[in-house]
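For reference, the structure discussed in these notes is given below.
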Protein chains: 2
Amino acid sequence: MLLLVNLTLRLRTMSSADATTDQLRVDILDGAFPPGARLVELQLTERYGVGRAAIRSAIVELVTEGLVTREANRGATVRRVPLAEAVQITEARQALESLLAGHAALNATPQDRAELRQLAADMSDAVSSQRYGDYSELNQLLHRRIAQIAQHEIARDLVANLRNRASHHQFRLALQPGRPAESLPQHEALIAAVVAADRSGAEDAMRTHLDSVISALRHWAELGVEV
Amino acid sequence: MLLLVNLTLRLRTMSSADATTDQLRVDILDGAFPPGARLVELQLTERYGVGRAAIRSAIVELVTEGLVTREANRGATVRRVPLAEAVQITEARQALESLLAGHAALNATPQDRAELRQLAADMSDAVSSQRYGDYSELNQLLHRRIAQIAQHEIARDLVANLRNRASHHQFRLALQPGRPAESLPQHEALIAAVVAADRSGAEDAMRTHLDSVISALRHWAELGVEV
DNA sequence: CCAGCCAGATTGTATGACTTCAAGACCGTA
DNA sequence: TACGGTCTTGAAGTCATACAATCTGGCTGG
């Protein structure tokens with residue numbers, strides 16, 4: 001029922017331009033348009049079967065989201081995010097996700113806490129049986145659930161955008177050998193604190209977790225790794 | 001010289017559509033379009049002397065910035081920000097501006113520190129001679145300078161946007177009697193920590209300062225104050 | 001060999017026409 | 001009078017087209 005309402009609400013709000021924006025965003029995040037790819041308006045009108053107006057609208061929106069850059073009379077390209085910027089993005093995420101974790105610790109319902117406990121078990125299983133793809137998905141799910149539980153729309157939206165911006169680096173980092181072993185206990189500590197309604201504990205756990213992501217990124221930066 | 005380069009760079013990037021976006025944003029923030037005002041595209045084309053496309057582009061951008069809402073086939077209106085949301089916005093600012101204050105403490109040059117000291121003196125003067133308008137401007141200047149000194153573009157941009165979103169409430173709060181007397185020592189502590197290159201001190205001072213803003217907003221919310 | 005110029009490609013912008021939608025006016029009936 | 005449905009209208013949503021401005025790359029002539 002709620003789902004249905006939600007669906008019709010989305011349909012009501014979604015013009016073809018908005019739908020095009022979403023599709024283009026997904027295509028960029030999925031790598032269909034890799035960083036540096038040119039986004040030529042006419043080509044996109046064919047690809048998505050809409051007019052140039054819709055394409056321009058989508059590009060404007062994605063520029064403000066930081067996924068696309070535009071030069072006057074030169075056109076739009078998929079933004080290439082340097083490692084130094086990925087570090088800043090993750091620092092901002094750290095500040096905001098700590099806030100979310102703290103709120104989640106306060107607002108979690110008994111169902112939420114049970115679900116989080118289950119999630120911790122699933123993550124542990126995935127790592128011990130070396131299903132790293134599953135672990136990566138559970139990882140993202142955890143961050144999303146924390147954000148939902150916190151009931152803090154402002155921070156949630158900002159974090160979602162920041163995650164998109166750095167998704168390329170985030171993805172590469174998750175593939176790093178040894179990362180799961182390092183991050184699992186951090187995630188477990190985070191979940192334990194949220195389940196225990198320990199606000200400052202949850203904030204600290206999230207901060208610590210993202211500290212380790214940041215230092216991994218910084219480590220790469222020092223090695224001169226480039227995209 | 002640097003200014004000139006910057007200027008031409010802006011001109012190169014600024015199409016009339018982008019300029020229109022900036023003007024419309026300023027007009028909204030200045031109150032020329034108060035919260036709830038309808039933004040009818042045809043009227044705006046006359047006001048700004050540009051085509052409908054430019055107006056639509058501006059509206060799309062301001063929607064993603066959270067200043068404007070849009071309903072399908074109904075049009076755009078200036079967003080009305082409820083107090084509860086202003087609280088969330090300020091909480092997010094707290095998280096991000098603490099980060100900025102910490103970085104500013106690390107990155108400030110001797111010139112920056114001298115300037116900040118001067119700023120503290122000016123603020124104190126303004127309050128003691130009851131020039132509250134000046135104090136309010138110096139207040140904004142301080143936050144902007146801290147953000148510049150921190151050299152953290154990601155957080156700086158996010159905070160600038162958050163400030164815009166809540167500017168209405170922020171403005172009303174600044175007019176509150178007793179606010180300057182409460183916030184002045186907090187600002188002085190913040191400046192002292194940044195000048196002393198005390199990272200965690202600066203973070204704490206910024207957090208404390210915005211804590212007092214948040215509780216003032218919450219206090220209003222409980223009184224049932226509405227916009 | 002190179003400076004300058006021309007042509008193609010692409011964006012920037014405006015305009016007109018048409019469709020879709022929602023709100024309010026209008027009208028007929030009980 | 002009150003209710004319910006239909007009609008009108010205002011505005012957004014979309015597309016096609018046109019033309020100007022600008023960049024790019026290649027060609028040409030000295």
Side-chain angles (χ1 to χ4, degrees), chain A residues 4-25 27-28 33-34 36-65 67-80, chain B residues 5 7-25 27-28 33-80:
Chain A
L4 192 71
V5 171
N6 226 331
L7 198 70
T8 57
L9 194 98
R10 284 196 70 177
L11 285 177
R12 241 179 48 69
T13 308
M14 290 240 294
S15 53
S16 109
D18 295 330
T20 304
T21 305
D22 289 344
Q23 285 185 310
L24 180 55
R25 187 190 297 108
D27 286 343
I28 289 174
F33 296 104
R38 295 197 55 192
L39 301 174
V40 179
E41 297 180 359
L42 263 184
Q43 291 172 4
L44 297 182
T45 59
E46 288 178 20
R47 172 170 186 139
Y48 297 113
V50 296
R52 243 179 100 194
I55 297 296
R56 305 199 102 237
S57 160
I59 287 177
V60 166
E61 185 157 347
L62 295 182
V63 166
T64 74
E65 288 182 20
L67 296 180
V68 167
T69 51
R70 241 169 82 210
E71 284 175 276
N73 302 309
R74 299 282 323 279
T77 58
V78 178
R79 182 108 199 283
R80 209 186 284 277
Chain B
V5 171
L7 198 69
T8 57
L9 195 98
R10 286 196 68 176
L11 284 177
R12 244 178 49 70
T13 309
M14 290 241 293
S15 51
S16 108
D18 295 330
T20 304
T21 306
D22 289 345
Q23 285 186 312
L24 180 55
R25 187 190 297 109
D27 285 344
I28 290 174
F33 295 106
R38 295 197 58 190
L39 300 175
V40 178
E41 297 181 358
L42 266 183
Q43 292 171 4
L44 297 183
T45 59
E46 288 178 21
R47 171 170 186 138
Y48 298 113
V50 296
R52 237 180 107 194
I55 297 297
R56 304 199 99 240
S57 159
I59 287 177
V60 166
E61 185 158 346
L62 295 181
V63 166
T64 73
E65 288 182 21
L67 296 179
V68 166
T69 51
R70 240 168 85 211
E71 284 176 275
N73 302 308
R74 296 285 323 282
T77 57
V78 178
R79 182 107 199 285
R80 210 185 285 276

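Note that these values count all heavy atoms, side chains included, but never hydrogens, waters or copies made by symmetry. A note on names: the letters A, B, ... follow the listed sequences, proteins ahead of strands, and every chain is numbered from 1.
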Set of residues satisfying side-chain hydrogen bond (donor to acceptor under 3.5 Å, both in side chains) with respect to B/R47, sequence neighbours excluded: B/D27
Partner residues of B/T45 under the side-chain hydrogen bond (donor to acceptor under 3.5 Å, both in side chains) criterion, sequence neighbours left out: none
I need the [atom1]-[atom2] distance between [X] and [N], as an integer number of Å.
X	N	atom1	atom2	answer
A/E71	C/dA9	CD	P	21 Å
A/L42	C/dA9	CG	P	11 Å
B/N73	D/dT9	CG	P	19 Å
B/R70	D/dT14	CZ	C1'	12 Å

Selection residues 53-65 of chain A - residue pairs positive for side-chain hydrogen bond (donor to acceptor under 3.5 Å, both in side chains), sequence neighbours left out: A/R25-A/E65, A/E41-A/R56, A/T64-B/T64
Residue pair B/V78 / B/L67, side-chain heavy-atom distance below 4.5 Å: no
From CA spacing to verdict: side chain to side chain contact (heavy atoms under 4.5 Å, CB included), A/I55, A/V50: CA-CA 7 Å; A/I55 297 296; A/V50 296; 3.8 Å; yes
Sugar-phosphate, base or nothing in reach of A/I59, heavy atoms under 4.0 Å: nothing
Sugar-phosphate, base or nothing in reach of A/A17, heavy atoms under 4.0 Å: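 Sugar-phosphate, backbone atoms only, no base.
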Phosphate OP1/OP2 of C/dA23 contacted by B/R74 side-chain N/O (<4.0 Å): yes
Side chain of A/V40 - closest among D/dC23, C/dT10, C/dT20: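 Shortest atom-to-atom distance from the side chain points to C/dT10.
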Those residues that, when tested against A/V63, pass side-chain contact (heavy atoms from CB on, under 4.5 Å) (two or more places apart):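 A/V63: side-chain contact (heavy atoms from CB on, under 4.5 Å) contacts with A/I59, A/V68, A/R70.
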DNA chain D contacts made by residues 45-56 of chain B, counting heavy atoms under 4.0 Å: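 By residue number: B/R52, B/R56.
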